[in-house]
Novice: 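Structure incoming, see below.
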Amino acid sequence: MRAILLDRPAPLTRTPLRLGEVPLPDPGPGEVRVRVTACGVCRTDLHVVTGDLAPKRSPLIPGHQVVGRVDALGPGAVRFALGARVGIAWLRSTCGVCPDCRAGRENLCPRSRYTGWDDDGGYAEAAIVPEAFAYPLPAAFDDVEAAPLLCAGIIGFRALERAAVPAGGRVLLLGFGSSAHLVLQLARARGHEVFVATRGERHRSHARALGADWVGDTFDPPPAPSDSAIVFAPAGEVVPAALRGVRKAGTVALAGVTLTPIPSMEYEPHLFHEKVLTSVESNTRRDGEALLAEAARAGIRPRTRTFPLEQAARALALLDEDGIEGTAVLVVS
């Protein structure tokens, strides 16, 4: 089968990805094979390809926002019928027995494994996944629309939950890419007021078009304090601005998998008054199921730009340059 392969992480300028032919994988016990039709391109893929996330295997097929049809069942796999449309997300497996798994925090499992990092992902014509970690997909979304929901959507959903926005409250989004454009729609469907602070007029224009109540540059002071804030930009210098932007007892959630150093900041006005600073790590399967159902009910519409599989490197380069509105999606078959 055709696949995009990463032999060794490197800057994009050194062309670390190559298109190659690899054997069609066979599903093991409890696994299914998915014939990939679409795979979203995520900033986490960029971290994997360039080495911001330490390599786990070589060669590696990146990609973890995978949509396709089940075309083979491993021994004991009974959850899906052949031909079922499913999604594969970042969280690929957990141990199920550690204290975090037993407490419903499987996203913190020390033995968790991740699609497109620990194991091969969806930049290919087929991918393998444990059936327990595959998602049935709502009919409300076609394959390209469904792909961004499987990471940008799920992580955005968890970030919104961690941000603890009160009913009818106001949330400030800092950075406006793939995940934030879905969270804005989700927050408005929940009845929240949404402020957006982001660099680049293209992203600000996109936020306005989606109905943001206020839009400004990254460090512009918002017109009023927010109840909560979510930092999507992987830039530590944004964190003090987020903390200044929330009211007393407000919560700031950090949604990125990586973050540059947070600069020193004064206790007042950043953390005093019982403000809360929290982070988001991966997701649970419950997050994924809840996001897919809520997105279908609310009529969330991901904005996408499609690329053929062989242009994965170009899609990543545009993402790195903030040249994508919404989500880049590889159309595989």
Side-chain angles (χ1 to χ4, degrees), residues 27-34 39-40 42-45 47-48 53-54 56-57 60 62-68 70 74 76-80 84 86-122 127-138 146-164 178-179 182-183 186 230 232 251 253-259 276-296:
E31 295 181 334
V32 298
R33 186 174 68 205
V34 177
C39 185
C42 179
R43 190 164 292 274
T44 303
D45 299 336
H47 295 315
V48 170
L53 294 177
K56 297 290 190 75
R57 60 182 295 168
L60 169 72
H64 59 273
Q65 300 182 101
V66 190
V67 177
V70 174
V78 298
R79 185 180 176 204
F80 297 103
V86 301
I88 304 173
W90 175 237
L91 184 68
R92 177 183 175 83
S93 67
T94 58
C95 73
V97 297
C98 70
D100 286 313
C101 283
R102 293 199 305 269
R105 299 187 299 265
E106 65 179 2
N107 59 306
L108 302 180
C109 173
R111 291 186 288 278
S112 56
R113 297 182 68 86
Y114 299 95
T115 308
W117 188 27
D118 290 290
D119 297 282
D120 286 334
I128 300 293
V129 65
E131 65 172 359
F133 285 80
Y135 294 92
L137 297 174
L149 298 173
L150 293 163
C151 183
I154 293 174
I155 294 301
F157 173 88
R158 186 168 183 86
L160 192 58
E161 295 290 290
R162 296 281 289 168
S178 181
S179 191
L182 297 173
V183 168
L186 190 61
I230 304 173
F232 290 101
T251 298
L254 309 179
V257 68
T258 64
L259 189 71
V276 176
L277 179 62
T278 187
S279 63
V280 176
E281 182 176 347
S282 186
N283 64 276
T284 67
R285 282 170 285 178
R286 186 176 300 173
D287 293 328
E289 293 160 359
L291 175 276
L292 289 168
E294 186 171 351

Novice: If you look at every heavy atom in H47 and V257, which pair is closest and at what distance?
Specialist: CD2-CG1, 3.5 Å
Novice: My understanding is that only residues two or more places apart in sequence, or in another chain, count here; which of them pass side chain to side chain donor-acceptor pair (under 3.5 Å) with E106?
Specialist: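 Listed in chain order: R285.
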Novice: Could you state the interatomic distance from CZ (R43) to OG1 (T258), rounded to the nearest 0.5 Å?
Specialist: 8.5 Å
Novice: Atom NE2 in H64, atom CG in L91: separation rounded to 0.5 Å?
Specialist: 11.0 Å
Novice: Go through the steps to decide whether S282 and Y114 satisfy the test side chain to side chain contact (heavy atoms under 4.5 Å, CB included), and finish with yes or no.
Specialist: CA-CA 9 Å; S282 186; Y114 299 95; 3.5 Å; yes
Novice: Just jot down the side chain to side chain donor-acceptor pair (under 3.5 Å) partners of T44, sequence neighbours excluded, or say none.
Specialist: none
Novice: Please collect all side chain to side chain donor-acceptor pair (under 3.5 Å) contacts where either partner lies in residues 148-161, sequence neighbours excluded, each pair once.
Specialist: R158-D287, E161-R190
Novice: Could you check T94 against F133 for side chain to side chain contact (heavy atoms under 4.5 Å, CB included), going step by step and ending with a plain yes or no?
Specialist: CA-CA 9 Å; T94 58; F133 285 80; 3.6 Å; yes
Novice: Looking only at non-hydrogen atoms, find the nearest pair between C101 and C95 and report the distance.
Specialist: SG-SG, 4.0 Å
Novice: So how far is it from R92 CZ to I128 CD1, rounded to the nearest 0.5 Å?
Specialist: 7.5 Å
Novice: For R105, check side chain to side chain donor-acceptor pair (under 3.5 Å) against everything at least two apart and list the hits.
Specialist: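 Partners of R105 by the side chain to side chain donor-acceptor pair (under 3.5 Å) criterion, ordered by chain and then number, come out as D100.
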Novice: Looking only at non-hydrogen atoms, find the nearest pair between G122 and V66 and report the distance.
Specialist: CA-CG2, 3.6 Å
Novice: Atom CG in L108, atom CD in E281: separation rounded to 0.5 Å?
Specialist: 5.0 Å
Novice: To the nearest 0.5 Å, tell me how far S112 OG sits from D118 CG.
Specialist: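 Between atom OG of S112 and atom CG of D118 there are 7.5 Å.
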Novice: May I have the list of side-chain donor-acceptor pairs in residues 148-155 shorter than 3.5 Å, sequence neighbours left out?
Specialist:
none

Novice: With a 6.0 Å cut-off (strictly less than), is the heavy-atom count around CZ of R286, excluding the residue itself, greater than 12?
Specialist: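 No, not enclosed.
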Novice: Considering all heavy atoms of both residues, which atom of I230 and which atom of A163 are nearest to each other, and what is their separation?
Specialist: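 Taking I230 first and A163 second, the nearest heavy atoms are CG1-CB, 3.9 Å.
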Novice: Look at the side chain of T284 and the backbone N and O of N107, then say whether any donor-acceptor pair between them is shorter than 3.5 Å.
Specialist: no
Novice: Would you say that P138 contacts L292 through its side chain, given a criterion of any heavy-atom pair below 4.5 Å between the two side chains?
Specialist: yes
Novice: Could you walk me through whether K56 and V48 pass the side chain to side chain contact (heavy atoms under 4.5 Å, CB included) check?
Specialist: CA-CA 9 Å; K56 297 290 190 75; V48 170; over 6 Å; no
Novice: Got a second to check how far L186's CG is from F157's CZ, nearest 0.5 Å?
Specialist: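 That separation rounds to 7.0 Å.
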Novice: According to side chain to side chain donor-acceptor pair (under 3.5 Å), who are the partners of R102, at least two apart in sequence or on a separate chain?
Specialist: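 In terms of side chain to side chain donor-acceptor pair (under 3.5 Å), with neighbours along the sequence ignored, R102 is linked to no residue.
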Novice: List the atom of A127, the atom of I88, and the distance in Å for their closest heavy-atom pair.
Specialist: CB-CD1, 4.1 Å
Novice: So R162 and T251, side chain to side chain contact (heavy atoms under 4.5 Å, CB included) or not? Walk me through it.
Specialist: CA-CA 8 Å; R162 296 281 289 168; T251 298; over 6 Å; no
Novice: Identify the heavy atoms of A253 and A159 that sit nearest to each other, and give their distance.
Specialist: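 Shortest heavy-atom separation between A253 and A159 comes out as CB-O, 3.9 Å.
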Novice: Do S178 and F232 have side chains that get closer than 4.5 Å, going by heavy atoms?
Specialist: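 With C-beta onward as the side chain, the pair stays apart.
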Novice: Can a donor-acceptor pair be found, under 3.5 Å and without considering hydrogens, that links the side chain of R79 to the backbone of E131?
Specialist: yes
